[in-house]
S.K.: 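Sharing a structure, written as structure tokens. Questions coming.
FYI, the numbering just counts along the sequence from 1.
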Amino acid sequence: MLPSELNFRANIYGMKVLGVERILSASAVGSLKMEYKPLDIVVPDQFFDRTRGGSAPSSATGSSGTSRSRTRSATTSRRLRPDAAQKVGATVHRGGTYVNMEGPQFSTLAESKLYRSWGMDVIG
């Protein structure tokens with residue numbers, strides 16, 4: 001099953017029913033900035049959706065659900081504590097913009113240049 005085929009709405013709803021208030025997702029992404037090296041951790045505070053065809057609707061729970069703009073807010077990003085990662089030697093970057101692509105696919109060089117010019121930091 002491809003990641004885009006998973007019923008993420010059902011998973012998020014199940015978490016909500018259990019009382020979960022925040023979900024932290026970790027994923028491997030590509031860097032659009034030279035200062036972000038392989039194995040660095042980036043905690044973005046902005047999200048830009050480049051999916052099409054409705055694979056990533058604006059709400060995980062439907063029109064009355066929580067907006068993704070709120071769930072990926074700067075407030076949530078500030079609450080994350082990178083101390084544990086830093087204690088084991090990881091390089092952590094706070095802030096920036098994650099651009100979400102529909103996949104599986106890799107961006108062309110022209111696309112990557114465009115996203116950099118828009119100020120995007122990481123892509124996945």
S.K.: Start with the C-alpha gap between Val99 and Leu32, add the side-chain angles, then the distance that decides, and say whether side chain to side chain contact (heavy atoms under 4.5 Å, CB included) holds.
M.R.: CA-CA 10 Å; Val99 57; Leu32 294 169; 4.1 Å; yes

S.K.: Can you name the closest pair of heavy atoms from Glu35 and Asp40 and give their distance?
M.R.: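 The pair with the smallest heavy-atom distance is O-OD2, 3.6 Å.
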
S.K.: With a 4.5 Å cut-off on side-chain heavy-atom distances among I, L, V, M, F, W and Y, is there a chain of contacts connecting Trp118 to Met101?
M.R.: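 Yes, one cluster joins them.
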
S.K.: Enter the distance from Met120:CE to Arg50:CZ here, rounded to the nearest 0.5 Å.
M.R.: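 Between atom CE of Met120 and atom CZ of Arg50 there are 8.5 Å.
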
S.K.: Any side-chain heavy atom of Ile12 within less than 4.5 Å of one from Ile23?
M.R.: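 Touching, per the 4.5 Å side-chain cut-off.
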
S.K.: Atom CG in Leu109, atom CG in Leu114: separation rounded to 0.5 Å?
M.R.: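 CG of Leu114 is found 11.5 Å from CG of Leu109.
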
S.K.: Are side-chain heavy atoms of Val43 and His93 found at a separation under 4.5 Å?
M.R.: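 Val43 does not reach His93 side chain to side chain.
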
S.K.: Would you say Ile41 and Leu39 are hydrophobically clustered, going by side-chain heavy atoms of ILVMFWY under 4.5 Å?
M.R.: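 Hydrophobic grouping puts Ile41 apart from Leu39.
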
S.K.: Would you mind reporting whether Arg116 and Ser112 have side-chain heavy atoms less than 4.5 Å apart?
M.R.: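 Yes, side chains in contact.
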
S.K.: For residues Ser107 and Ile123, determine if any side-chain heavy atom of one lies less than 4.5 Å from a side-chain heavy atom of the other.
M.R.: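 Contact flag for Ser107/Ile123 side chains = yes.
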
S.K.: Any chance you could measure Tyr98, atom OH, to Asp45, atom CG, to the nearest 0.5 Å?
M.R.: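 Those atoms lie 15.0 Å apart.
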
S.K.: Indicate yes or no: at least one non-hydrogen side-chain atom of Phe48 is less than 4.5 angstrom from one of Tyr115.
M.R.: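 SC-SC contact between Phe48 and Tyr115 ruled out.
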
S.K.: Same cluster or not: Tyr36 versus Phe47, using hydrophobic residues (I, L, V, M, F, W, Y) connected whenever any side-chain heavy atoms lie under 4.5 Å apart?
M.R.: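 Result: yes, single cluster for both.
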
S.K.: In the structure I gave you, are the side-chain heavy atoms of Val122 and Thr97 within less than 4.5 Å of one another anywhere?
M.R.: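 Not touching, per the 4.5 Å side-chain cut-off.
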
